Peer 1: 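I'd like to ask some things about the structure below.
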2 protein chains.
Amino acid sequence: MPATIRDVARASGVHISTVSRTFSAPHLVNPETRVRVLACAEELGYRPNRAARALITGRTHNIGLIIADIANPFFPPLIKAAEGQARHRDYHVFVADTNEDPAAEEELVHALAKQVDGVLLCSPRMSNALIEQVSREVPVVVINRQVTGLPCVMMDVGQGARAAIEHLLGLGHRQLALLGGPRGSWTNQQMRRAAGAAARSGGAELTVLGPNPPTETGGSALATQVRDSGVSAVLAYNDLMAIGLIEGLDHLGIRVPQDVSVVGVDDIALSRLTRPKLTTVATPTAAAGRTAVDMLLQHDSELRPRGGGRAAAVGDRRTTAQVMLQTELVIRDSTGPVPGRSRPGSVPDGPGPHRLADPGSPTVTTGGVVAS
Amino acid sequence: MPATIRDVARASGVHISTVSRTFSAPHLVNPETRVRVLACAEELGYRPNRAARALITGRTHNIGLIIADIANPFFPPLIKAAEGQARHRDYHVFVADTNEDPAAEEELVHALAKQVDGVLLCSPRMSNALIEQVSREVPVVVINRQVTGLPCVMMDVGQGARAAIEHLLGLGHRQLALLGGPRGSWTNQQMRRAAGAAARSGGAELTVLGPNPPTETGGSALATQVRDSGVSAVLAYNDLMAIGLIEGLDHLGIRVPQDVSVVGVDDIALSRLTRPKLTTVATPTAAAGRTAVDMLLQHDSELRPRGGGRAAAVGDRRTTAQVMLQTELVIRDSTGPVPGRSRPGSVPDGPGPHRLADPGSPTVTTGGVVAS
DNA sequence: GTGAAAGCGCTAACAC
DNA sequence: GTGTTAGCGCTTTCAC
C-alpha cells in the first residue's frame with residue numbers, strides 16, 4: 001500500500017512529473033511547489049520506487065557482492081570496506097553467499113544482475129568462460145582471481161607464499177608441506193607454484209597435501225598426514241586450515257612450533273587469539289574491497305545505454321585494469337627453528353641468500369604493487 | 001545490451017506476450033512454439049528482467065536480511081540458514097550490513113524495500129517506533145528483539161543467562177559480574193534482568209560492567225575492572241567479549257578458570273578453539289534464520305495487492321507470531337570451582353535448589369518454547 | 001493458443 | 001516552471 005508518485009501528485013495538486021522532478025531534480029521546480037510536494041510526500045510516507053526508477057534510468061545505485069563463504073572470517077573485512085567505499089559514492093551493497101557452490105554463484109549473479117549496477121565476484125568458483133559470459137550481462141569486477149579481459153583485484157599470495165617458505169628455510173626447515181585449499185581456487189594455484197619454486201631454490205622438499213575444504217575441519221583432517229609425511233614445517237592455504245591443523249596436531253601430541261612450524265595465510269582476527277599466535281601471510285582484504293568498488297564505479301558518470309542503442313562490449317571498456325595488492329608476512333609464535341638443529345632462541349644457519357628481517361621487526365613486507 | 005523480451009519475440013516470430021507466457025506460464029503455450037521461443041531466448045542469452053516483472057506482479061522473490069555486524073561470527077550461521085531456507089522456496093537473500101549504525105539501518109531497509117518481498121531485521125538498533133514505521137512499507141520479521149505487533153524470532157537468552165548463573169552458583173561462586181553489550185540491545189536487557197534475578201535468589205552479588213562494544217576489544221578492555229571488582233566469575237554479553245576478557249585477564253596474570261570463571265553467550269565456532277575452551281550459552285542461530293524466513297514467507301501464496309486496491313495493514317496480518325527459541329548451556333573449560341573453596345575436581349557445595357546436570361552430560365538444556 | 005492493449009511506478013524529452 | 005507524451009521491460013486481462 002505504499003504511496004505512489006500519483007498519490008503525491010493528487011494530494012499536492014500538481015502533475016506527477018513535477019513530483020518526479022521534486023525528487024530527482026529539485027532545482028528545476030519552484031521552491032513553493034517543492035515545499036508543498038515534499039510536505040505531501042512526507043505526509044503520505046511516499047518513497048520513490050527505486051526499481052521503477054532504475055527501469056528507466058538504467059541505474060540502481062546498488063552493487064552486488066558475491067561471496068564464496070560468508071562464514072569464512074576472511075571476507076567480512078572485505079565486505080565492510082566495500083560497503084564503506086560504496087556508501088561514499090552513494091551506493092548500497094547487497095551481499096550474497098554462494099556456499100562455495102558454482103551453480104548457486106551463477107544463479108545469484110543472474111538474480112542480482114538487473115537489480116544492481118555491477119557485481120563484485122569474490123573468489124569465484126565458476127569457470128572463466130562462465131565469468132566472461134556473466135560479464136556480458138552485467139559489469140563485473142573479479143576479486144581474488146585473474147580473468148583476462150576483465151578488471152581484477154588480486155592479492156599477491158605468490159609473493160606471500162615465497163616469503164613464508166623463505167622464513168621457514170631461514171629457520172632451518174628442509175622438509176616442508178603445503179596444505180592445499182579448494183581445487184578451483186586461483187589462490188591455491190598461485191601459492192603452489194610460488195611455494196614450490198621457493199622450496200626448490202632453497203634446496204628443500206615440498207610435499208603437497210589436500211586439496212581440502214578451506215576450514216578448520218579441512219585443516220585438522222590433515223594432521224595425521226602431516227605427521228606421517230615427516231615434515232617439520234607447514235604452509236597452509238589459509239589461517240582457518242592452519243588453526244585446524246594446529247588443533248589436530250595437538251591431539252596427536254605434536255607441539256607447535258617446537259615439533260612442527262605452521263604458517264597460515266590471511267591474518268584473520270582469530271590468528272592473534274589462538275595459542276600459539278599464528279605466523280601468517282597478511283592479505284590486504286580491506287584494500288581489495290575498496291579497490292574493487294572503485295574500479296566498478298570508475299565509469300560512474302557514463303550513462304547506461306538506453307532504447308535501441310547497443311551497449312559497449314566488454315572489450316570497449318576504457319580500462320580493464322588488473323591490480324595486484326601486496327601481502328605481508330607476519331611472524332608470530334607458530335613458527336620456530338627446526339627441531340634438533342639448534343638451541344631454542346639461537347639463530348639457525350640460513351639457507352644462503354635467504355635472509356630475513358632482523359629479530360626486532362616483527363613483520364616483513366613482501367610482494368610488489370603491479371598494475372596494467 | 002542484454003536481450004529484452006522484444007528481441008526474443010522478433011527472433012521467434014511471435015508476440016511478446018507469448019514469450020512472456022513461455023516463461024511465466026509455459027503450459028499455456030503450444031509446445032512447438034515454446035521450444036522455438038526457448039531456443040531463441042537461449043541463443044540471445046535472454047533473461048527476464050526480474051525488476052520489471054516485479055513492478056507488475058508485486059513479487060521479487062528476494063528477501064532482504066539486515067545485519068548489525070557481518071564481522072560478528074554470531075551471524076554467519078544465521079545467514080546461511082536463512083539462505084538455505086529461502087532457496088528451498090525459490091527465493092534469494094540479499095544481505096546488508098549496517099555496522100551497528102541505526103541510521104544506516106534505516107537507509108538500507110528503504111533501499112531494499114521495493115526490491116524484496118520482505119525484510120528480516122536482525123538485532124536491529126533502530127527504535128521500536130522506526131521499526132513499526134518501516135514495517136508499513138515492507139513486510140518485516142524481527143530477529144533478536146521483541147516488538148509488539150510484529151512477527152519476532154527471539155532466543156531465550158534470559159533462560160540461558162539464568163542457567164549460566166546457576167552453573168556458577170553451583171561451582172560456589174558468589175561474587176559475579178555481568179559484562180554488558182551494546183546499549184540498544186534487547187538481548188542485553190533480557191540477560192541483565194534474568195542474571196540479576198538468578199544471582200539474587202542464589203544469594204550472590206552481581207556487578208554489572210560496561211556497556212561495551214560486543215567485540216574482543218570490548219571484552220579485553222574490561223579486564224582490569226573485572227580484576228578490581230574482586231569477582232570470581234563473569235558472564236559476558238557474548239563469546240567475543242568473553243574471549244577478549246580471557247585474553248585481557250591473561251595479560252594481567254589472572255588465569256581462567258583457576259582464578260576467574262568466564263561464561264560466554266552464542267557458542268560461536270571460535271569458542272571451541274580458544275584455550276581454555278569456552279563455557280557458553282548456545283543460541284540456536286540457524287533455527288532462528290530458518291524460522292524467520294518461514295514466518296516471512298508464510299503468506300507466500302497471497303498475492304500482493306495491485307492497482308487501486310489497498311493492502312492489508314499490519315494489523316490485518318493473520319498471524320503476528322512471536323517465537324521464542326530455547327538456548328542451551330554448554331559447559332567447557334572456562335568455568336571451574338571458586339578458588340580457595342574446594343580442591344580442584346571436587347564438587348563444591350551447591351547453592352541449594354540449583355542443581356546442575358551430572359558430570360557425564362556436557363550440556364544442559366534450558367529455556368522453553370513459546371509462541372503466541 | 002496467440003495477439004492487442006493497458007498499465008506497474010517512474011523519468012525524460014518536448015511543448016507551452 | 002509545469003503539463004503532456006512516450007516508454008523502460010514486463011505481465012495480464014480480454015478478444016479472437
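Because only heavy atoms are used, hydrogens play no part in the values below, and waters and symmetry mates are left out as well, while side chains stay in. In what follows, every chain begins at residue 1, and chains take the letters A, B, ... in the order their sequences are listed. Quick caveat: nothing in here was measured; it's all calculated off a predicted structure.
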Peer 1: What is the nucleic acid contact for A/R50, judged by heavy atoms within less than 4.0 Å: base, sugar-phosphate only, or nothing?
Peer 2: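 Touches nothing.
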
Peer 1: When you match B/I16 and B/A52 each to their closest nucleotide on DNA chain C, which lands nearer the 5' end?
Peer 2: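 Closer to the 5' end of DNA chain C: B/I16.
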
Peer 1: Give me the distance, rounded to whole Å, that separates C/dC10 from D/dG1 when you measure between the P atoms they each carry.
Peer 2: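 My reading of the P atoms in C/dC10 and D/dG1 gives 24 Å.
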
Peer 1: Let's see if you can work this out: which of D/dT4, C/dC10, C/dG9 has an atom nearest to the side-chain heavy atoms of B/L55?
Peer 2: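 Out of D/dT4, C/dC10, C/dG9, the nucleotide with an atom closest to B/L55's side chain is C/dG9.
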
Peer 1: Any donor-acceptor pair under 3.5 Å linking the side chain of A/R290 with the backbone of A/Q85?
Peer 2: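 Pair absent, no side-chain N/O of A/R290 close to backbone of A/Q85.
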
Peer 1: For C/dG3, take OP1 and OP2 only and decide whether either is under 4.0 Å from a side-chain N or O of B/R21.
Peer 2: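 Result: no.
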
Peer 1: Report the distance from atom NE2 of B/H15 to atom C1' of C/dA5, rounded to the nearest whole Å.
Peer 2: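 Answer to the nearest Å: 8 Å.
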
Peer 1: Heavy atoms under 4.0 Å, any strand shown: does B/F23 hit a base, just sugar-phosphate, or nothing?
Peer 2: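 The answer is nothing, as B/F23 stays clear of every strand by at least 4.0 Å.
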
Peer 1: Please state how far atom CG in A/N30 lies from atom C1' in D/dT2, giving the value in whole angstrom units.
Peer 2: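 About 10 Å, once rounded to whole Å.
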
Peer 1: Under 4.0 angstrom, heavy atoms only, what part of the nucleic acid is A/R34 near: base, sugar-phosphate, or nothing?
Peer 2: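 Nothing, no heavy atom under 4.0 Å.
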
Peer 1: Where the side chain of A/R6 is defined as all heavy atoms beyond and including C-beta, which of C/dG3, D/dG9, C/dC10 is the nearest nucleotide?
Peer 2: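 Per side-chain heavy atoms of A/R6, the pick is C/dC10.
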
Peer 1: Return the value, rounded to whole Å, for the distance between atom CD1 of B/I56 and atom C1' of D/dT11.
Peer 2: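 The distance from CD1 of B/I56 to C1' of D/dT11 comes to 4 Å, rounded to the nearest Å.
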
Peer 1: Is the ring pair A/F23/A/Y46 parallel, tilted or perpendicular, if the boundaries are 30 and 60 degrees?
Peer 2: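 If you compare the ring of A/F23 with that of A/Y46, the planes turn out perpendicular.
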
Peer 1: Taking 4.0 Å as the cut-off, does a side-chain nitrogen or oxygen of A/T57 come that near to OP1 or OP2 on C/dC10?
Peer 2: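 For C/dC10, neither OP1 nor OP2 has a side-chain N or O of A/T57 closer than 4.0 Å.
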
Peer 1: Can you tell me if B/T18 touches the phosphate of C/dT2, counting only side-chain N or O atoms and a distance under 4.0 Å to OP1 or OP2?
Peer 2: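 It does not, given that no N or O in the side chain of B/T18 lies less than 4.0 Å from OP1 or OP2 of C/dT2.
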
Peer 1: What integer distance in Å separates A/K114:NZ from D/dC10:P?
Peer 2: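 For the pair A/K114 NZ and D/dC10 P, the rounded distance is 7 Å.
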
Peer 1: Could you go step by step and tell me if A/R6 and A/R10 meet the side chain to side chain contact (heavy atoms under 4.5 Å, CB included) rule?
Peer 2: CA-CA 6 Å; A/R6 248 174 287 271; A/R10 207 172 303 126; 4.1 Å; yes

Peer 1: Could you check which of C/dC8, C/dT11, C/dA5 has an atom nearest any side-chain atom of A/S24?
Peer 2: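 Comparing C/dC8, C/dT11, C/dA5 against the side chain of A/S24, the answer is C/dT11.
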
Peer 1: Which part of the nucleic acid, if any, lies within contact of A/V19, taking any heavy atom under 4.0 Å across all strands shown: a base, the sugar-phosphate backbone alone, or nothing?
Peer 2: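 Counting heavy atoms under 4.0 Å across all strands, no contact is made by A/V19.
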
Peer 1: Do B/N99 and A/E83 have side-chain N/O donor and acceptor atoms under 3.5 Å apart?
Peer 2: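 No, no side-chain donor-acceptor contact under 3.5 Å.
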
Peer 1: From CG of B/D7 over to C1' of D/dC10, roughly how many Å is that when rounded to an integer?
Peer 2: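 Distance, rounded to whole Å: 13 Å.
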
Peer 1: Expressed as a whole number of angstroms, how long is the span from B/Q115:CD to D/dG9:C1'?
Peer 2: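 Going from CD in B/Q115 over to C1' in D/dG9 covers 16 Å.
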
Peer 1: Quick one: A/L28 CG to C/dA13 P, roughly how many Å, whole number?
Peer 2: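 Checked: the CG to P distance equals 12 Å.
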
Peer 1: Just the rounded figure in Å: distance from P of D/dT4 to CD1 of A/I5.
Peer 2: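 Those two atoms, CD1 and P, are 14 Å apart.
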
Peer 1: Please answer whether the main-chain N or O of B/M154 pairs with a side-chain N or O of B/Q146 as donor and acceptor at a distance below 3.5 Å.
Peer 2: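 The answer is no, because no donor-acceptor pair under 3.5 Å joins these two groups.
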
